[in-house]
Every structure is written in structure tokens, then in C-alpha cells.
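Working notes for the structure below.
Values below: every heavy atom of this structure, side chains too, minus hydrogens, waters and symmetry copies. A, B, ... follow the sequence lines: proteins, then strands. Residue 1 opens every chain.
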Amino acid sequence: MNIELILFGAFALLTLLSAGTVIFARSPINSAMALVSTFFFLAGLYVLLWAHTVAVLQVMVYAGAIMVLFLFVIMLLNLGESPSRGRPTLARIVGGAATLGLLAVLGIALSKLPGGPPPSLGVEGQATFGTMATMGQVVFTQWLLPFEAVSLLLLVAMVGAVVVAKSRI
Amino acid sequence: MAAQVVAREAPNRPMVPISYYLLLAAALFCMGMFGVMVRRNALVIFMCVELMLNAANLTFLAFARMHGDSVGHVSAFFVIAVAAAEAAIGLAIVIAVFRSRGSVLVEDIRTMKH
């Protein structure tokens, strides 16, 4: 047992537990809080994968901005606990079963992947892999157009959200 | 500095296989999909979609680590940006629907069905 395996196990277990709480909590507030903790534990997993920058972005954008948006909407709509689970319709039963089938197929497919630890990054790779500088170099040399397209997408989403949510323009 | 590097490069350091991360991502994706299928509250359905996007991100980062390639990190960054846009628009739609129907349960929204 080494520390990396212990950390992975703890983060993986806590991620799955929080995700289960998101799905099964009765009140939307509890779901949102469980979603925050899911994002934090996932950020821990990202650090284990040597992706520090994405882990920081995860905490800032997801656990910060997106969750505030969710909580604000829950407060705005004044949602309480859902009155009942509702009757299980055919679509819901089939959907749940299909999800279990998908999990089984994915599990079989992924278990056939070659096991073993990933290749070592090397001394130089450990110093540069996953840093903001490396990511920025890739973004601004190979992926400049998609990056600009994303900024346009965010602008459109911002304007669209105001137009859709405003009652009278 | 040199001592630190030597300590980090200890020989035969056992590491977590990438397939564990991929299996975890698959489980997380399926949990999100299960939530989308069975929940009725539109807000919780959005949260489950976020779970699925995060599972995709975890897969991107796992493969980036496996190949030592930063493009996976950039893809995850784009996914985060798209998720932010999706959350903003989706929640605006939820507010608009709640304003006109007084409910966020997806079974109450079926004007287009008839």
C-alpha cells in the first residue's frame, strides 16, 4: 500500500458517495451541496493525475461559479422537498435498466484495457506536465481558434441567459 | 532541489493504474445518466448532467496522463467552459418555465406532447 493508492481509494469512494447523494437526496439543496463535495473530491483525483491547473479550474468554475448559480436558482424558485417519488413509469424503469446495462458494457470494455501503472513522466515531465505554462502553450499555438470560439460561446450564453430569464425586455 | 527530485523518482514506485480512473469515470457517468433517467426535478437533472460532464473530464485527464500529452488538459478546460455556458442557459430556461407553469417537474411540462 502506498499513499497514492490510499488517496485514490478515498477520493474515489467519496466521489461515488457524494454522487449517490446528488441523485437520491429529496431536497434540491442537499443535491447541490453533495454536488459541491463531488467536485472537490474530483479535483483531488485530478491532482493525482498530475493535472493541477485543471483541478484549480474545477474548484473555481464548478464549485465556485456554477454551484452559486444553482443555489441561487433554488433559492429564487423557493423549492422545497419533492412531495413524492412519483410513480415509476415504464420510461423510468427502462431508463434505469439501460443505465445498468451501459455500466456493465463499459466495465467489460475497460477491464480489457492493458493494466499496469502509466509510464513515468520523468524528471522534466514532472516539473512541466499539467502546469499553466504548458497548457497555455498548447492553447495558444494549436488550439487558438477553438479558444476564441469558446469565448464567443460564453458571450452568447451570457446574453441568451439574460434574454431567456428576463420576464419583459 | 536534487534530493527532492531523487526522492520523487524512487525506483519501482507503485502507481494507480489508469484503468481504475477510467472505471471510476464510467461509474460516475452511469450514475449521472441514472439520475437523468429517474429524477423528475429539472434542476436535479441539470446537476446529473454536470456529473456526466465531470466523468468525461476525468476520462480526458486520465488519458492525458497515460500518454503524457497536454491536449487532454486543454480538452478538459474546454469542457468546463462549455459546462458553464450550459448551466447558465439551462438554469435560465428553468426559471422561464417555472414562471410560466409554476413547476420544475419535467412531467408537468408536456405542451409539445399533445
Heavy-atom cut-off 4.5 Å, strictly under: side chain, backbone, both or neither for [X] against chain B?
X: A/Ala32; value: both
X: A/Leu42; value: side chain
X: A/Ser31; value: both
X: A/Phe8; value: side chain
X: A/Leu113; value: side chain
X: A/Val150; value: side chain
X: A/Ala12; value: both
X: A/Ile66; value: side chain

Residue [X] versus chain A: region with a heavy atom under 4.5 Å:
X: B/Phe34; value: both
X: B/Phe46; value: both
X: B/Val36; value: neither

Is it true that B/Asn57 and A/Gln58 share a donor-acceptor pair across their side chains at a distance under 3.5 Å?
no
Applying ring-ring contact (aromatic ring centres under 6.0 Å, His included) to A/Tyr62 and not counting sequence neighbours gives A/Phe39
Which label fits B/Phe78 and A/Phe147: parallel for a plane angle under 30°, tilted from 30 to 60°, or perpendicular past 60°?
tilted
Does anything in residues 138-145 of chain A get under 4.5 Å of chain B by heavy atoms, and if so which residues?
A/Val138, A/Val139, A/Gln142, A/Trp143
Pick whichever of A/Leu110, A/Leu153, A/Thr15, A/Ile74 has the most heavy-atom pairs under 4.5 Å with chain B.
A/Leu110
